[in-house]
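The structure appears below as structure tokens.
Protein chains get the first letters and strands the later ones, always in sequence-line order, with residue 1 at the start of each. This one's a predicted model, so the numbers in the text were calculated from it and none came from an experiment.
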Amino acid sequence: MKNSVIIYNTLTRKKEEFKPLVEGKVGLYVCGPTVYSNSHLGHARPNITFDLLFRYLTFLGYKVRYVRNITDVGHLENEAEELGEDKIAKKARLEQLEPMEVVQKYMNTFHRNMEDLNVLPPSIEPRASGHIIEQQQMVDSILKNGFAYEANGSVYFDVEKYNEKYNYGKLSGRNLDDIKTNTRELDGQSEKKNSFDFALWKKATPEHIMRWPSKWSDGFPGWHLECSVMSTKYLGEKFDIHGGGMDLTFPHHECEIAQSTASQGEEAVRYWMHNNMITINGQKMARSLGNFITLDELFTGNHKILDQAYSPMTIRFFILQAHYRSTIDFSNEALQASQKGLERLMTAVKTLDELVASDKSSVDISALKEKCFTALSDDLNSPVAIAHLFDGVKMINSIKAGTETISADDLSELKLFYNNMIFDILGFKEENSSDTGNNEILNETVELLLNLRKEAKENKEWATADKIRDELNQIGIEIKDTKEGADWKLK
RNA sequence: GGUUCCUUGGCCGAGUGGCUAGGCAGCGGUCUGCAAAACCGUGUACGGCGGUUCGACUCCGCCAGGAACCUCCA
């Protein structure tokens with residue numbers, strides 16, 4: 001915890017020094033996915049961003065409790081609204097599955113994708129469906145405090161009432177008057193006092209499958225309730241950091257603040273962090289816009305706009321090479337650049353093991369370390385940290401080439417530093433090198449061919465040697481001749 | 001329409017009131033039987049018009065273009 005961490009707080013729109021509520025401990029809550037469909041590239045962004053935060057704070061010595069929810073009930077969908085179906089129930093009907101079967105299926109996919117991306121599992125991953133009682137309790141306390149009202153078995157949050165005492169809109173920078181004049185009229189039935197009131201508990205229509213009994217009606221909890229409930233249940237009435245995508249700022253996070261404040265009298269969250277969107281052709285990638293690419297499609301290259309498959313680590317690098325509060329634009333060119341860049345970085349990490357120490361260092365390891373940590377501590381500036389790591393790559397290669405020297409102490413410090421940065425903090429891992437491991441037969445077959453080629457080369461039978469190289473290349477195996485002999489990898 | 005934000009070289013993407021971001025591609029080179037890979041070196045930039053300033057890509061204003069949110073969304 002040597003250098004203090006600065007984070008940008010959406011609440012104040014400023015960078016602030018991070019000071020945890022409890023010395024040495026951090027409570028972190030991030031909005032997780034709604035599991036009714038496959039995870040797409042957009043989902044990779046918050047999970048990687050906050051994985052970096054989780055890893056970095058942990059590295060600095062904080063004990064972090066990271067809570068990331070799974071939304072498996074509740075959120076209403078536009079076209080389904082009239083039928084009173086929620087997203088999960090709607091999808092279930094289309095696929096003839098039990099709602100919980102849909103949830104399980106896509107939750108499994110999400111977990112697999114996150115593991116591929118080397119995103120660490122959170123400390124607690126609560127599900128909305130497992131916290132219905134607690135959600136009802138919060139509705140109760142909001143009602144008791146007079147900031148909600150019941151109508152036809154549903155309970156709505158009384159925004160106007162709340163705004164008399166507190167400030168509705170403080171997070172997203174809106175004020176209620178603006179909202180009043182500019183809210184689109186979408187709500188057909190008006191059992192609500194005002195169109196901007198939101199549901200805390202919704203009465204289920206007869207067709208609605210997912211429902212729970214309550215004193216108000218058989219129904220289901222409102223859209224924003226679960227995060228307020230589960231964050232404070234596991235992190236306390238007041239906790240440090242709440243993260244999520246920028247698109248959730250309003251209304252989701254605004255409503256969370258209102259709910260927590262209305263039920264407990266004060267806000268729960270101290271620092272709000274929001275990651276920006278991934279765009280494609282300059283437009284947000286979203287399911288509702290139909291321009292998304294699933295993570296599985298990216299990993300396999302199985303999508304019409306993809307020139308090739310991109311590995312999970314390439315995606316991770318692509319995301320970390322931009323600052324989390326900037327948009328990043330998807331393109332094949334950008335992804336390919338990321339792939340090459342990451343290869344260069346990882347090659348240098350391997351080169352570290354080949355370096356030979358000298359008596360003295362001509363390079364400054366501490367300065368390099370300092371720059372990287374300063375960047376990360378400055379609102380998680382991973383692109384600048386990575387840029388410095390590339391300066392280090394040049395340094396490593398120069399030491400190998402003999403134009404720079406390094407002492408034994410500095411060398412072990414440099415190795416430890418790159419291990420910490422690359423693997424522990426940025427969260428990269430080795431992937432698809434020649435030791436494919438999972439395929440012993442392939443390994444041995446290629447080794448056999450490479451030996452044949454080596455013999456041919458020794459006999460100057462260039463035609464045979466080239467034939468082996470070219471034909472392996474055609475079936476997707478790339479040969480790299482190095483000084484130590486031939487290496488290969490799957491393309 | 002309202003709120004907030006963005007516009008950097010062929011592509012992606014940092015950053016700063018005066019000091020090389022970085023990656024990819026391109027170009028030149030080293031290595032190699034040839035090639036690939038790897039490594040080294042290298043050019044090009046801050047949407048337009050005004051203003052503030054000794055000095056602006058960086059601050060202010062206007063204009064143009066784009067985005068997010070205002071509705072489920074990462």
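The separation between A/Y106 atom OH and B/rA74 atom C1' is 18 Å, rounded to whole Å. Whole-Å rounding puts the A/I328 CD1 to B/rU7 C1' distance at 17 Å. Taking atom CD1 of residue A/I319 and atom P of nucleotide B/rA14, one finds them 13 Å apart after rounding to whole Å. When the P atom of B/rG66 is taken as reference, atom CD of A/Q283 falls 12 Å away, rounded to whole Å. Put simply, CG on A/L41 is 15 Å from C1' on B/rC73, counting in whole angstrom units. Rounding to whole angstrom units, CZ of residue A/R325 and P of B/rA74 are separated by 22 Å. Here B/rC6 presents its P atom at 11 Å from CZ of A/R13, a figure rounded to the nearest Å. At whole-Å resolution of the value, CZ in A/F110 and P in B/rC73 are 15 Å apart.
With sequence neighbours excluded, no residue satisfies ring-ring contact (aromatic ring centres under 6.0 Å, His included) with A/F239. Applying the ring-ring contact (aromatic ring centres under 6.0 Å, His included) rule to A/F318 yields no partners; only residues at least two apart in sequence or on another chain are considered. Under the salt bridge (Lys or Arg N to Asp or Glu O under 4.0 Å) criterion, A/K203 pairs with no residue, sequence neighbours left out. Contacts of A/K429 classified as salt bridge (Lys or Arg N to Asp or Glu O under 4.0 Å), with partners at least two apart in sequence or in another chain: none. For the ring-ring contact (aromatic ring centres under 6.0 Å, His included) test, residues two or more places apart in sequence or in another chain that qualify with A/H242 are A/Y29, A/H253, A/W272. Judged as a salt bridge (Lys or Arg N to Asp or Glu O under 4.0 Å), and not counting sequence neighbours, the contacts of A/D379 are A/R325. With sequence neighbours excluded, the residues satisfying side chain to side chain contact (heavy atoms under 4.5 Å, CB included) with A/T12 are A/N9, A/K14, A/E16.
Each of A/K284 and A/S172 has a nearest nucleotide on RNA chain B; the 5'-most of these lies closest to A/S172. Position along RNA chain B of the nearest nucleotide to A/G32 versus A/A401 favours A/A401 as the more 5'-ward residue.
Taking only side-chain nitrogens and oxygens, A/N381 never comes nearer than 4.0 Å to OP1 or OP2 of B/rA14. OP1 or OP2 of B/rC40 lies within a sub-4.0 Å distance of a side-chain N or O belonging to A/N397. Using a 4.0 Å cut-off, no side-chain N or O of A/T403 falls inside it from OP1 or OP2 of B/rC40.
Residues A/T10 and A/H274 have side chains that bring a donor and an acceptor to within less than 3.5 angstrom of each other. There is no side-chain donor-acceptor pair under 3.5 Å between A/N69 and A/E125. Using a 3.5 Å distance cut-off with no hydrogens or angles, the side chains of A/S39 and A/Y106 do not pair a donor with an acceptor.
Within 4.0 Å of A/M277, counting heavy atoms only, lies at least one base atom of the nucleic acid. In this structure, A/H40 reaches the bases: a heavy-atom distance under 4.0 Å links it to at least one base atom across the strands shown. Backbone-only contact: A/S326 has heavy atoms under 4.0 Å from sugar-phosphate atoms and none from a base. Using a 4.0 Å heavy-atom criterion, one finds that A/G173 contacts the sugar-phosphate atoms exclusively. A/T327 comes within 4.0 angstrom of sugar-phosphate atoms only, judged by non-hydrogen atoms across all strands, and of no base.
Nucleotides B/rG1 and B/rG43 are separated by 47 Å at their C1' atoms, to the nearest Å. With P as the reference atom, B/rA74 and B/rG18 are 41 Å apart, rounded to whole Å. Remark: the separation of the P atoms in B/rG15 and B/rU58 is 16 Å, to the nearest Å. Distance check on atom C1': B/rG10 versus B/rA45 gives 12 Å, rounded to whole Å. For the C1' atoms, the distance linking B/rA56 with B/rG51 amounts to 12 Å, nearest Å. A distance of about 25 Å separates the P atoms of B/rC60 and B/rA68, rounded to the whole Å. Annotation: B/rU7 and B/rG13 have their C1' atoms spaced 13 Å apart (nearest Å). Across B/rU20 and B/rC59, the matching C1' atoms stand 24 Å from one another, rounded to whole Å.
Set against B/rC70, B/rA74, B/rG13, the side chain of A/D329 has B/rG13 as its closest nucleotide. Picking from B/rC11, B/rA74, B/rC69 the nucleotide with the shortest atom distance to the side chain of A/S331 gives B/rC11. Listed nucleotides B/rA74, B/rC12, B/rG2 differ in distance to A/F318; the shortest reach to its side chain belongs to B/rC12.
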Would you give me the side-chain donor-acceptor pairs under 3.5 Å for residues 388-400 of chain A, sequence neighbours excluded?
{"residue": "A/N397", "atom": "ND2", "partner": "A/V393", "partner atom": "O", "Å": "3.4"}
{"residue": "A/S398", "atom": "OG", "partner": "A/K394", "partner atom": "O", "Å": "2.8"}
{"residue": "A/K400", "atom": "NZ", "partner": "A/E354", "partner atom": "OE1", "Å": "3.2"}

Exercise answer: donor-acceptor pairs, residues 455-471 of chain A side-chain atoms, under 3.5 Å, sequence neighbours excluded:
{"residue": "A/N459", "atom": "ND2", "partner": "A/E455", "partner atom": "O", "Å": "3.3"}
{"residue": "A/D466", "atom": "OD1", "partner": "A/R469", "partner atom": "NH2", "Å": "3.4"}

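Base pairing in RNA chain B gives the following stems of 3 or more Watson-Crick or G-U pairs, range against range and under 3.5 Å: B:1-7 with B:64-70, B:10-12 with B:22-24, B:26-30 with B:38-42, B:47-51 with B:59-63.
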Give the B/S/- string for nucleotides 16-27 of chain B, one per nucleotide from 5' to 3', where a protein heavy atom under 4.0 Å of the base yields B, of only the sugar-phosphate yields S, and otherwise -.
-----BSBSS--

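Put simply, the side chain of A/Y271 does not reach to within 4.5 Å of the side chain of A/L11, judged on heavy atoms.
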Considering only nitrogen or oxygen atoms on both sides, find all protein atoms under 3.5 Å from nucleotides 31-33 of chain B and state each distance.
{"residue": "B/rG33", "atom": "N1", "partner": "A/D466", "partner atom": "OD1", "Å": "3.0"}
{"residue": "B/rG33", "atom": "N2", "partner": "A/D466", "partner atom": "OD2", "Å": "2.9"}

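Below 30°, between 30° and 60°, or above 60°: for A/H224 and A/H252 the angle between ring planes is between 30° and 60°, a tilted geometry.
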